Q: 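I have a structure I would like to understand better, so I am pasting it below and will then ask my questions one at a time.
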Amino acid sequence: MSDRTIRALRVGYLVLLVVAAAWLVVSRWDQVVALLDSARPWYLVAALALSFGQLALNAAFWSTGLRAMGAPTPWPLVLEVSARSLLARWVPGSLWYAAGRAALLARRGVTVAAVTSVAGLEMALSLVVVFVMGTGLLAVGGRLPGATWWLAPALALVAAVLLRPLVNRVLGWIGRRRQVEPARLPLGGYAGLLAWTVVFWTWSSLTFLTYLGAFPDLDPGPLPVVAGAYMVAWGVGFLAPIAPQGLGVFEVTLAALLQVPDLAAGSLVVAGFRLVTLARDLIATGIAETTATRRR
């Protein structure tokens with residue numbers, strides 16, 4: 001499938017999604033108003049505060065990854081560069097955020113090969129972790145069939161074992177192409193990246209659980225089930241090729257896994273979490289740009 005076809009499908013999907021969301025708001029207006037009336041604002045403030053921890057943990061992952069790739073970059077610099085690139089996540093397309101961060105890091109002497117390698121590891125390890133941890137938590141909560149719940153984490157664990165040799169093969173190929181000494185991902189660096197990924201998704205689940213706490217009438221279920229559903233839904237949304245950031249796919253999948261009584265109203269509440277993320281990105285970008293301007 002060509003890039004032009006994928007872009008056309010994404011545009012069409014986004015148009016349909018906007019129409020569907022508007023129709024749901026109108027048709028479920030009473031349910032939505034009832035949920036909002038019972039909302040607890042302090043939980044939203046707490047979720048916003050916790051969401052900044054995601055940026056700090058992601059920067060720690062990148063700093064660890066770049067050091068393992070032979071391009072040591074201080075954590076504060078990675079955090080600043082990431083924050084300055086955040087708003088690109090909201091531009092239609094899947095590469096603008098990564099491209100913006102890569103461009104800013106390149107100005108500080110970080111090679112494109114190192115940035116590309118860490119970005120690939122971030123996506124791959126995230127998928128491994130969300131499916132292993134997510135399906136495990138759903139199984140503990142009794143939300144998966146007993147005979148099949150192990151399949152997804154087993155496949156993800158196999159992927160985790162094979163990922164490091166695959167990365168080193170790709171790095172070797174890049175080195176030969178550029179006629180330079182190829183970089184290698186050491187076992188210790190790989191273990192550190194895996195640990196940061198686990199911590200990141202644990203913190204992200206806690207942030208989302210805090211957000212849902214603002215809506216006591218939703219009754220999403222036990223905390224392990226909510227955390228597991230959040231992780232699996234993110235993974236499913238990430239794998240949806242025409243849904244930018246899993247938009248729509250993540251919300252519906254999560255509401256379905258939580259088995260909320262009203263799927264449509266539940267999906268709209270879940271979608272509200274993106275507003276918390278957007279507010280965080282605006283604040284973080286503003287702070288980072290102000291800091292960079294003063295330093296210049």
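None of these values were measured; they are calculated from a predicted model.
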Q: If two hydrophobic side chains count as joined below 4.5 Å and joins carry through other members, does L239 share a cluster with L125?
A: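 Linked, L239 and L125 end up in one cluster.
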Q: Under the rule for side-chain contact (heavy atoms from CB on, under 4.5 Å), what residues qualify as partners of S63, not counting sequence neighbours?
A: R67, W75, V78
Q: In the structure I gave you, are the side-chain heavy atoms of L66 and P72 within less than 4.5 Å of one another anywhere?
A: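 No. Closest side-chain heavy atoms not under 4.5 Å.
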Q: Apply the test salt bridge (charged side-chain N to carboxylate O under 4.0 Å, His left out) to residues E80 and R101: give CA-CA distance (whole Å), side-chain angles for both, the deciding distance (0.1 Å), then the verdict.
A: CA-CA 10 Å; E80 178 189 313; R101 180 157 54 183; over 6 Å; no
Q: Is there a side-chain contact between F250 and F238 in this structure, where contact means two heavy atoms from C-beta onward sitting under 4.5 Å apart?
A: no
Q: What's the separation between atom OG1 in T197 and atom CG in L57, rounded to the nearest 0.5 Å?
A: 10.0 Å
Q: Determine whether W62 and V115 make a side-chain contact, defined as any pair of heavy atoms from C-beta on separated by less than 4.5 Å.
A: yes
Q: Which heavy atom in L86 sits nearest to a heavy atom in A284, and how many Å separate them?
A: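 Heavy atoms only, the tightest pair is CD1-CB, 3.8 Å.
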Q: Heavy atoms only: give me the nearest L137-P224 pair and the separation to one decimal.
A: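 Here L137 and P224 meet closest at CB-O, 3.4 Å.
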Q: For the residue pair L48 and S51, establish whether any side-chain heavy-atom pair is separated by less than 4.5 Å.
A: yes
Q: Go through E122 and N58 one step at a time and tell me if the side chain to side chain contact (heavy atoms under 4.5 Å, CB included) criterion holds.
A: CA-CA 9 Å; E122 180 184 24; N58 181 256; 2.5 Å; yes
Q: Could you report the tightest heavy-atom contact between M231 and V130, atom names first, then the distance?
A: O-CB, 3.4 Å
Q: Of all heavy-atom pairs between G53 and W203, which one has the smallest distance, and what is that distance?
A: CA-NE1, 3.6 Å
Q: Considering non-hydrogen atoms only, spot the tightest contact between L138 and V225 and give its length.
A: CD2-O, 3.6 Å
Q: Linking directly or through intermediates, with side-chain heavy atoms under 4.5 Å: list the remaining ILVMFWY members grouped with W42, chain and number order.
A: V45
Q: Treating Ile, Leu, Val, Met, Phe, Trp and Tyr as nodes and any side-chain heavy-atom pair under 4.5 angstrom as an edge, say whether V252 and L275 lie in one connected cluster.
A: no
Q: Considering only heavy atoms from C-beta outward, does the side chain of E251 approach that of V269 to under 4.5 Å?
A: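 When only atoms from C-beta onward are counted, V269 and E251 do not touch, as no gap falls below 4.5 Å.
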Q: Would you check if T73 and R108 make a side-chain contact, meaning some heavy-atom pair closer than 4.5 Å?
A: no
Q: Drop me the distance from D281's CG to S85's OG, to the nearest 0.5 angstrom.
A: 11.0 Å
Q: Among L50, T207, L55, which one satisfies side chain to side chain contact (heavy atoms under 4.5 Å, CB included) with R280?
A: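 Testing each of L50, T207, L55 against R280, the sole residue satisfying side chain to side chain contact (heavy atoms under 4.5 Å, CB included) is L55.
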Q: Are V81 and R107 close enough, and set up right, to give a side chain to side chain contact (heavy atoms under 4.5 Å, CB included), and what steps lead you there?
A: CA-CA 10 Å; V81 166; R107 294 179 185 176; over 6 Å; no
Q: Please identify each residue that fulfils ring-ring contact (aromatic ring centres under 6.0 Å, His included) with F200, with sequence neighbours left out.
A: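 F200 satisfies ring-ring contact (aromatic ring centres under 6.0 Å, His included) with no other residue.
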Q: For A214 and P216, work out which heavy atoms get closest and say how close.
A: O-CD, 3.3 Å
Q: Kindly say whether T210 contributes a backbone atom to a donor-acceptor pair with the side chain of Y43 at under 3.5 angstrom?
A: no
Q: Roughly how far, to the nearest 0.5 Å, is OG of S204 from CD of Q54?
A: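 One finds 3.5 Å between CD of Q54 and OG of S204.
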Q: Exactly one of F131, F208, W201 should register a ring-ring contact (aromatic ring centres under 6.0 Å, His included) with W234. Which one does?
A: W201
Q: Does the plane of the ring in Y211 sit parallel, tilted or perpendicular to the ring in F273? Use 30° and 60° as the thresholds.
A: tilted
Q: List the steps, then state whether side chain to side chain contact (heavy atoms under 4.5 Å, CB included) holds for V129 with L194.
A: CA-CA 8 Å; V129 167; L194 187 58; 3.9 Å; yes
Q: Under a single-linkage definition using a 4.5 Å side-chain heavy-atom cutoff for Ile, Leu, Val, Met, Phe, Trp and Tyr, are L127 and L254 assigned to the same hydrophobic cluster?
A: yes
Q: Between the side chain of R84 and the main-chain N/O of T285, is any donor-acceptor distance below 3.5 Å?
A: no
